[in-house]
Undergrad: 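After the structure tokens below, expect a handful of questions from me.
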Amino acid sequence: MSDVKRPSKRAEKAKETRRRILSAALELFVQDGYGATNLQDVADRAGVAVQTIYFVFGNKRTLLKELVDVTIAGDDEPVATMDRPWYVDALAADTAEGVLRGYIAGATRVLERVAPISKVLDGASASDPEVAALWPHDVDPRYVVQERVAKKLVGKPGARAEVSAEEAADLLYGLLSPELYLLLVHARGWPRDRWERWAFQTLHAQLCSE
């Protein structure tokens, strides 16, 4: 007899309700903006009572915070980006080129999810100081992720000897930004594959030896 406990129907229903609310919030925040969307709008789109949203998330700010976290991760599992299998595997590659290729492939999937909501977050943070306070200002989590990649990459065979970890982190941080992804993919209509290929070729020329 298996000792593995299956989630109860109540727990499964709660998770599904949570996902519906997050999906509705994403659609409305991107479509109408954070400020113009109220929780009743989200409740109507998700097919739940507005009291359910208050019970699950507390308020609109914490709903946005949860939405950003889940969008970055790609799921609602409590696993940080740097502990995700795609990230760990990328950094374990034998060469600088392997690290770069694996990391850009994973980062592109993250950018595809995150770029639309990044504009929502910028607008919400500018108009509501309490939203801005939900994220620390002394450390940029996105830079921390890039910095760790950079430190691994410059120590691998095939890395440019003259490029420091700090410079590599800056290049990764700048080129793999939601702003640049939005500009080229959303504004200029680049297919995702073209973006990924361009990002790899551009960073390879800067970070890897020929």
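We count residues from 1, following the sequence as given.
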Undergrad: If I take atom OG from residue S164 and atom NZ from residue K151, how far apart are they, to the nearest 0.5 angstrom?
TA: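 Reported value, rounded in 0.5 Å steps: 11.0 Å.
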
Undergrad: If you count heavy atoms of other groups shown closer than 6.0 angstrom to CD of Q31, is the number above 12?
TA: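 Result for CD/Q31: enclosed.
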
Undergrad: For L176 and A199, work out which heavy atoms get closest and say how close.
TA: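 Reported closest heavy-atom pair: CD2-CB, 4.0 Å.
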
Undergrad: For residues L203 and W86: do they belong to one hydrophobic cluster (side chain heavy atoms under 4.5 Å, members Ile, Leu, Val, Met, Phe, Trp, Tyr)?
TA: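 Yes, L203 and W86 fall within the same hydrophobic cluster.
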
Undergrad: For the residue pair L39 and F57, establish whether any side-chain heavy-atom pair is separated by less than 4.5 Å.
TA: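 Contact flag for L39/F57 side chains = no.
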
Undergrad: Do T108 and I104 have side chains that get closer than 4.5 Å, going by heavy atoms?
TA: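 Sidechains of I104 and T108: in contact.
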
Undergrad: How many angstroms lie between CZ in R148 and CE in M82, if you round to the nearest 0.5 Å?
TA: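 Here the rounded value is 5.5 Å.
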
Undergrad: Does NZ or CZ of R194 lie under 6.0 Å from the centre of the six-membered ring of W190, at an angle within 45° of the ring axis?
TA: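 Pair R194/W190 counts as cation-pi.
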
Undergrad: Give me the atom names and distance for the closest heavy-atom approach of R142 to Y173.
TA: NH1-O, 3.0 Å

Undergrad: Just wondering, do S8 and K13 contact through their side chains at under 4.5 Å, heavy atoms?
TA: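 SC-SC contact between K13 and S8 ruled out.
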
Undergrad: How close do S118 and P178 get, counting heavy atoms only, and between which atoms?
TA: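 Of all heavy-atom pairs spanning S118 and P178, the closest is OG-CB, 3.7 Å.
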
Undergrad: Evaluate whether atom OH of Y143 has more than 12 neighbouring non-hydrogen atoms of other residues, nucleotides or ligands under 6.0 angstrom away.
TA: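 Yes, because the 6.0 Å sphere around OH of Y143 holds more than 12 heavy atoms from other groups.
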
Undergrad: Could you tell me whether the side chain of V149 reaches within less than 4.5 Å of the side chain of Y87, counting heavy atoms only?
TA: yes

Undergrad: Quick check: closest heavy atoms across A49 and A43, and the distance to 0.1 Å?
TA: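 Scanning both residues, the minimum pair turns out to be C-CB, 4.0 Å.
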
Undergrad: Return yes if a side-chain donor-acceptor contact under 3.5 Å exists between Y103 and Q146, otherwise no.
TA: yes

Undergrad: For D122, does its backbone N or O pair with a side-chain atom of S125 as donor and acceptor, under 3.5 Å?
TA: no

Undergrad: So which heavy atom on E147 is nearest to which on A169, and how close?
TA: CA-CB, 3.8 Å

Undergrad: CG of L153 to OG1 of T95: how many Å apart, nearest 0.5 Å?
TA: 8.5 Å

Undergrad: Would a 4.5 Å heavy-atom cut-off, applied to side chains only, mark R192 and R109 as touching?
TA: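 A side-chain contact exists here, since the closest heavy-atom pair is under 4.5 Å.
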
Undergrad: Does the S127 side chain pair with the main chain of G123, one donor and one acceptor, at a distance under 3.5 Å?
TA: yes

Undergrad: Check whether any side-chain heavy atom of K65 sits under 4.5 Å from a side-chain heavy atom of R61, and report yes or no.
TA: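 When only atoms from C-beta onward are counted, R61 and K65 do not touch, as no gap falls below 4.5 Å.
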
Undergrad: Compare all side-chain heavy atoms of E167 with those of L207 and state whether any distance is below 4.5 angstrom.
TA: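 The answer is no, as the side chains (C-beta and beyond) never meet within the 4.5 Å cut-off.
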
Undergrad: Considering all heavy atoms of both residues, which atom of V42 and which atom of A25 are nearest to each other, and what is their separation?
TA: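 Scanning both residues completely, I find the closest heavy atoms to be CG1-N, 4.0 Å.
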
Undergrad: I'd like to know whether T62 forms a side chain to side chain contact (heavy atoms under 4.5 Å, CB included) with E66, so could you lay out the CA-CA distance, the side-chain angles of the two residues, the decisive distance to 0.1 Å, and finally the verdict.
TA: CA-CA 6 Å; T62 53; E66 178 77 6; over 6 Å; no

Undergrad: Look at the side-chain heavy atoms of Ile, Leu, Val, Met, Phe, Trp and Tyr, link any pair under 4.5 Å apart, and say whether L100 and L171 land in one connected group.
TA: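 Yes, one cluster joins them.
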
Undergrad: NZ of K60: more than 12 outside heavy atoms within 6.0 angstrom?
TA: yes

Undergrad: Name the residue from N38, T37, D44 that meets the side chain to side chain donor-acceptor pair (under 3.5 Å) definition with Q40.
TA: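 With Q40 as partner, side chain to side chain donor-acceptor pair (under 3.5 Å) holds for just one option, D44.
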
Undergrad: Would you say V88 ends up clustered with V110 if hydrophobic residues are merged whenever their side chains have heavy atoms under 4.5 Å apart, either directly or through other cluster members?
TA: no

Undergrad: Measure the OG-CD distance between S209 and E162 for me, rounded to the nearest 0.5 Å.
TA: 8.5 Å

Undergrad: Any link between L121 and L182 through a network of hydrophobic side chains (Ile, Leu, Val, Met, Phe, Trp, Tyr) touching at under 4.5 Å?
TA: no

Undergrad: Got a second to check how far D32's CG is from E27's CD, nearest 0.5 Å?
TA: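 Reported value, rounded in 0.5 Å steps: 10.5 Å.
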
Undergrad: For T71, which of I117, V120, L22 qualifies under side-chain contact (heavy atoms from CB on, under 4.5 Å)?
TA: I117

Undergrad: Can you tell me how far the CZ atom of R18 sits from the CG atom of L63, to the nearest 0.5 Å?
TA: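 Reported value, rounded in 0.5 Å steps: 9.0 Å.
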
Undergrad: Linking I/L/V/M/F/W/Y whenever their side-chain heavy atoms sit closer than 4.5 Å, directly or via other members, would V30 and Y34 fall into one cluster?
TA: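 Yes: a chain of side-chain contacts under 4.5 Å links V30 to Y34.
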
Undergrad: Measure from the side-chain N and O atoms of K156 to the backbone N and O of A93, and report whether any donor-acceptor pair falls under 3.5 Å.
TA: yes

Undergrad: Quick one: does R160's side chain have a donor or acceptor within less than 3.5 Å of a partner on A205's backbone?
TA: yes

